[in-house]
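Excluded from the calculations below are hydrogen atoms, water molecules and symmetry mates; all remaining heavy atoms, backbone and side chain alike, are included.
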Amino acid sequence: MNATTAASYPVVGIADAEPIPFPDFDRPVLSHVQLQAVMREHRYASWRTALSSVVGIYLITDTRDGRHYVGKADGAENIRQRWNVYATTGHGGDVELRRRDPTSFRFLLLRVFDPSTPTRDIDAAESHFKDALDSRRHELNRN
């Protein structure tokens with residue numbers, strides 16, 4: 001079939017992109033562009049559902065220099081909500097991240113918790129990862 005013939009055929013439907021199943025919580029490593037797609041595209045609906053079901057600790061790495069930022073989503077804020085802010089703003093309001101280009105960020109989950117987990121337990125895990133990765137002294141965390 002050539003273009004002239006194909007142009008005379010009516011469009012009867014446009015198929016959605018194939019859904020991309022959520023792998024599990026220890027697999028996703030997302031660039032900022034991929035994170036934006038996860039938060040907006042229909043094919044990632046199962047990812048958004050999964051990320052809405054947990055709170056936890058995440059790591060953002062600036063791939064230009066390897067520096068880390070350890071963050072958390074806890075209380076009423078789940079991972080999906082927190083990561084959606086990063087997808088939208090690029091920095092999530094974090095002081096050190098505002099100074100950087102989010103197109104070089106890589107996002108991954110370090111640990112997930114059930115939303116009913118006490119805040120003190122999540123705070124302790126966040127502190128542990130900040131200490132383990134030395135993200136306060138040499139990296140991007142100020143607290």
| Counterpart residues, side-chain hydrogen bond (donor to acceptor under 3.5 Å, both in side chains), relative to Asp101 (two or more places apart) | Thr103
| query | Mind checking what makes side chain to side chain contact (heavy atoms under 4.5 Å, CB included) contact with Arg27, not counting sequence neighbours? | reply | Pro23, Asp24
| request: Tell me, please, which residues at least two apart from Arg137 pass side-chain hydrogen bond (donor to acceptor under 3.5 Å, both in side chains). | output: Asp134
| Sequence neighbours excluded, which residues qualify as salt bridge (charged side-chain N to carboxylate O under 4.0 Å, His left out) partners of Asp65? | Arg100
| query | For residues 77-90, which residue pairs qualify under salt bridge (charged side-chain N to carboxylate O under 4.0 Å, His left out), counting only residues two or more places apart or in two chains? | reply | Arg82-Asp94
| query | Is any side-chain heavy atom of Thr49 less than 4.5 Å from a side-chain heavy atom of Ser52? | reply | no
| query | Of all residues at least two apart in sequence or in a different chain, which pass the side-chain hydrogen bond (donor to acceptor under 3.5 Å, both in side chains) check with His68? | reply | Thr61
| message | I need the full list of salt bridge (charged side-chain N to carboxylate O under 4.0 Å, His left out) pairs touching residues 41-58, with sequence neighbours left out, sorted by first then second residue. | response | Glu41-Arg43
| request: Considering only Ile, Leu, Val, Met, Phe, Trp and Tyr, and joining two whenever side-chain heavy atoms are under 4.5 Å apart, list the other residues clustered with Val95. | output: none
| query | Residues in side-chain hydrogen bond (donor to acceptor under 3.5 Å, both in side chains) with Arg64, at least two apart? | reply | Asp62, Ser104
| remark: side chain to side chain contact (heavy atoms under 4.5 Å, CB included) filter on Ser31, not counting sequence neighbours, yields Val33, Gln34
| Side-chain cluster (under 4.5 Å, hydrophobic types only) that Trp83 belongs to, other residues | Ile20, Phe22, Phe25, Leu30, Leu35, Val38, Met39, Tyr44, Trp47, Leu51, Val54, Tyr58, Ile60, Tyr69, Ile79, Tyr86, Leu97, Phe105, Phe107, Leu109, Val112, Leu140
| query | So do the side chains of Arg106 and Val29 get within less than 4.5 Å of each other, counting heavy atoms only? | reply | yes
Just distance, no hydrogens or angles: give the donor-acceptor pairs under 3.5 Å from side chains in residues 122-129, sequence neighbours left out.
{"from": "Asp123", "atom 1": "OD1", "to": "Lys72", "atom 2": "NZ", "distance (Å)": "2.1"}
{"from": "Glu126", "atom 1": "OE2", "to": "Lys130", "atom 2": "NZ", "distance (Å)": "3.3"}
{"from": "Ser127", "atom 1": "OG", "to": "Arg136", "atom 2": "NH2", "distance (Å)": "3.4"}

